[in-house]
Asks: 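Mind having a look at this structure? Questions to follow.
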Protein chains: 2
Amino acid sequence: MATNTRATKQKLAITEVLEGQNKFKSAQEIHELLTKAKSKVGLATVYRSLQSMVQAGVVDVIVSSDGESRYRACSQDHHHHLLCRRCGQTREFVAPEIEKLAEVIAKKYNFTDTDHIIEISGICKDCK
Amino acid sequence: MATNTRATKQKLAITEVLEGQNKFKSAQEIHELLTKAKSKVGLATVYRSLQSMVQAGVVDVIVSSDGESRYRACSQDHHHHLLCRRCGQTREFVAPEIEKLAEVIAKKYNFTDTDHIIEISGICKDCK
DNA sequence: TTAATTGCAAATCCTTTGCAGATTC
DNA sequence: GAATCTGCAAAGGATTTGCAATTAA
């Protein structure tokens, strides 16, 4: 593939927006953020840029359960969510042990560049 | 929603097809299989049935990297998935340690009746 | 009977593409 | 100046939805 990549205003703007986020965002959301930031970038360009950034390894993607791809600048500390099925409240938590285990499991099956989704749900004490 | 579910020929046909598979299949593939098997079932019905089956917990779903959902009859044991972001191949794994950790974390925040979603993604060795 | 389910086609939603003009190197 | 980008609008592909007809209970 084209290992070539030119530094354009659009790509810089996208990179900037991505770095201001700590959660995965969809291409459409990124496009909205750009618009709000007065950077006019076409939606198609957002998609194309994100694509090349993923290939270049500077951006991470995940596909959510509704089939939408979500992007985030690589290597940031991430956390996970604990969700109450009744009231919808969420809490964030960090669990280094789980991170490590996930890594070990991936390695066991020869997977690299790993990422993971861990969501725990239950009934919180207020709803009990 | 509707916890009600009627036993229709269509659902039976879908169940039958699913049970004859050991790999995740997309709704469209399942629809094709049905057609080949001389079971005329509308595509919309396939989607709707799969949806309710997932809710009922008798079918597993995963979303592949191209945004397509794939379905498979649940296997007995509780397991998780390792997904290759590039080719979409999946492997199942069981990790009692993770189960335990998830439980511990939930308890720490006073959550009960817990459940969890754990998906690890990466690039498999064939795609590297 | 009657509420759930189906099939069809139209409608959505996210994403990709074709192409002419604007840009970067 | 030439190879890449961009923007726009049209095209694609998966999934959903409206609605009248059908069917299970």
Side-chain angles (χ1 to χ4, degrees), chain A residues 1-18 23-56 58-72, chain B residues 1-18 23-56 58-72 83 85-88 90:
Chain A
M1 320 276 109
T3 37
N4 230 356
T5 291
R6 289 182 177 172
T8 63
K9 298 171 185 179
Q10 291 86 338
K11 277 177 194 154
L12 291 180
I14 292 171
T15 301
E16 202 165 299
V17 164
L18 278 173
K23 299 173 64 174
F24 281 84
K25 297 283 179 190
S26 72
Q28 319 251 358
E29 288 173 324
I30 292 166
H31 180 247
E32 265 185 51
L33 288 169
L34 285 165
T35 304
K36 272 185 199 153
K38 311 284 186 227
S39 302
K40 312 175 204 92
V41 181
L43 182 55
T45 301
V46 172
Y47 276 104
R48 281 187 282 228
S49 301
L50 286 171
Q51 238 170 205
S52 67
M53 289 164 134
V54 169
Q55 271 220 325
V58 295
V59 165
D60 265 354
V61 218
I62 56 168
V63 181
S64 57
S65 59
D66 59 353
E68 225 182 20
S69 293
R70 303 197 127 80
Y71 307 83
R72 190 186 60 181
Chain B
M1 321 296 121
T3 37
N4 231 354
T5 291
R6 290 184 178 170
T8 63
K9 297 173 184 176
Q10 290 87 337
K11 277 177 194 153
L12 291 180
I14 292 172
T15 301
E16 201 165 299
V17 165
L18 278 173
K23 298 175 64 175
F24 281 83
K25 297 283 178 189
S26 70
Q28 319 253 356
E29 288 172 326
I30 291 165
H31 181 246
E32 265 184 51
L33 288 169
L34 285 166
T35 304
K36 271 185 200 151
K38 311 285 186 228
S39 303
K40 312 175 205 96
V41 180
L43 183 54
T45 300
V46 173
Y47 277 105
R48 281 186 282 227
S49 302
L50 286 171
Q51 238 170 203
S52 68
M53 288 164 134
V54 168
Q55 270 219 325
V58 294
V59 165
D60 264 352
V61 218
I62 56 167
V63 182
S64 57
S65 60
D66 60 352
E68 223 181 22
S69 293
R70 303 197 127 80
Y71 307 82
R72 194 185 56 182
L83 164 75
R85 283 194 297 269
R86 202 153 289 164
C87 67
T90 64

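By convention in this document, chain letters (A, B, ...) are assigned in the order of the sequence lines, proteins followed by strands, and residues within each chain are numbered from 1. Please read these numbers as outputs of a predicted model, since none were measured by experiment. Note: hydrogens, waters and symmetry copies are ignored here, and every other heavy atom, side chains too, is used.
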Asks: Identify the heavy atoms of A/V61 and A/F24 that sit nearest to each other, and give their distance.
Replies: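 Minimum heavy-atom contact is C-CE2, 4.2 Å.
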Asks: Tell me, do B/L50 and B/L18 make a side-chain contact under 4.5 Å, heavy atoms counted?
Replies: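 They are in side-chain contact.
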Asks: Closest heavy-atom contact between B/L43 and B/A27?
Replies: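 Between these two residues, the closest heavy atoms are CD1-O, 4.3 Å.
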Asks: Let's go through B/T15 and B/M53 carefully: what are the C-alpha distance in whole Å and the side-chain angles of both, what is the deciding distance for side chain to side chain contact (heavy atoms under 4.5 Å, CB included) to 0.1 Å, and is it a yes or a no?
Replies: CA-CA 9 Å; B/T15 301; B/M53 288 164 134; 2.9 Å; yes
Asks: For a quick check, with a 4.0 angstrom heavy-atom cut-off, what is the B/S/- contact string for nucleotides 19-25 of chain D, read 5' to 3'?
Replies: -----BS
Asks: Within this structure, what is the NZ-to-P distance between B/K25 and D/dA14, rounded to whole angstrom?
Replies: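 Atom-to-atom, B/K25 to D/dA14, this comes out as 15 Å.
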Asks: State whether the side chain of A/H31 and the backbone N or O of A/V41 hold a donor-acceptor pair below 3.5 Å, judged by distance alone.
Replies: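 Pair found, side chain donor or acceptor close to backbone of A/V41.
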Asks: Could you tell me how far apart B/I14 (CD1) and C/dT5 (C1') are, to the nearest whole angstrom?
Replies: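 Whole-Å distance recorded here is 11 Å.
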Asks: Between B/Q55 (CD) and C/dA4 (P), how many Å, whole number?
Replies: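 Computing the B/Q55:CD to C/dA4:P distance gives 15 Å.
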Asks: Starting at NZ of A/K11 and ending at C1' of C/dA22, how long is that distance when rounded to a whole Å?
Replies: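 So the two atoms are 14 Å apart, to the nearest Å.
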Asks: So B/Q51, base contact, sugar-phosphate only, or nothing? Heavy-atom distance under 4.0 Å.
Replies: sugar-phosphate
Asks: Using salt bridge (charged side-chain N to carboxylate O under 4.0 Å, His left out) as the criterion, list what pairs up with A/E29, not counting sequence neighbours.
Replies: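 Listed in chain order: nothing, the list is empty.
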Asks: Nearest-Å distance, CD (B/E29) to C1' (D/dT15)?
Replies: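 Those two atoms, CD and C1', are 15 Å apart.
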Asks: Shortest non-hydrogen contact from B/I14 to B/T45?
Replies: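 B/I14 and B/T45 have their closest heavy atoms at CD1-O, 4.3 Å.
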Asks: Rounded to whole Å, how long is the line connecting atom CD1 of A/I30 with atom P of C/dT15?
Replies: 10 Å
Asks: Could you check which residues of residues 37-47 of chain A get a heavy atom under 4.0 Å from DNA chain D? Sort them by number, please.
Replies: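 Contacting residues: A/K40, A/V41, A/G42, A/A44, A/T45.
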Asks: A side-chain contact here means heavy atoms from C-beta on lying under 4.5 Å apart; do A/Q10 and A/L34 qualify?
Replies: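 No. Closest side-chain heavy atoms not under 4.5 Å.
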Asks: Please report, rounded to the nearest Å, how far the C1' atom of C/dT15 is from the OH atom of A/Y71.
Replies: 8 Å
Asks: B/Q28 CD to D/dG13 P: how many Å, rounded?
Replies: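 Going from CD in B/Q28 over to P in D/dG13 covers 10 Å.
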Asks: Quick one: is A/S26 getting a side-chain N or O under 4.0 Å of the C/dC14 phosphate, OP1 or OP2?
Replies: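 False: A/S26 side-chain N/O out of range (4.0 Å or more) of C/dC14 OP1/OP2.
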Asks: Please confirm whether the shortest side-chain N or O distance from B/Q10 to OP1 or OP2 of C/dG7 is below 4.0 Å.
Replies: yes
Asks: Taking the side chain as everything from C-beta on, heavy atoms only, tell me whether A/K25 gets closer than 4.5 Å to A/V17.
Replies: no
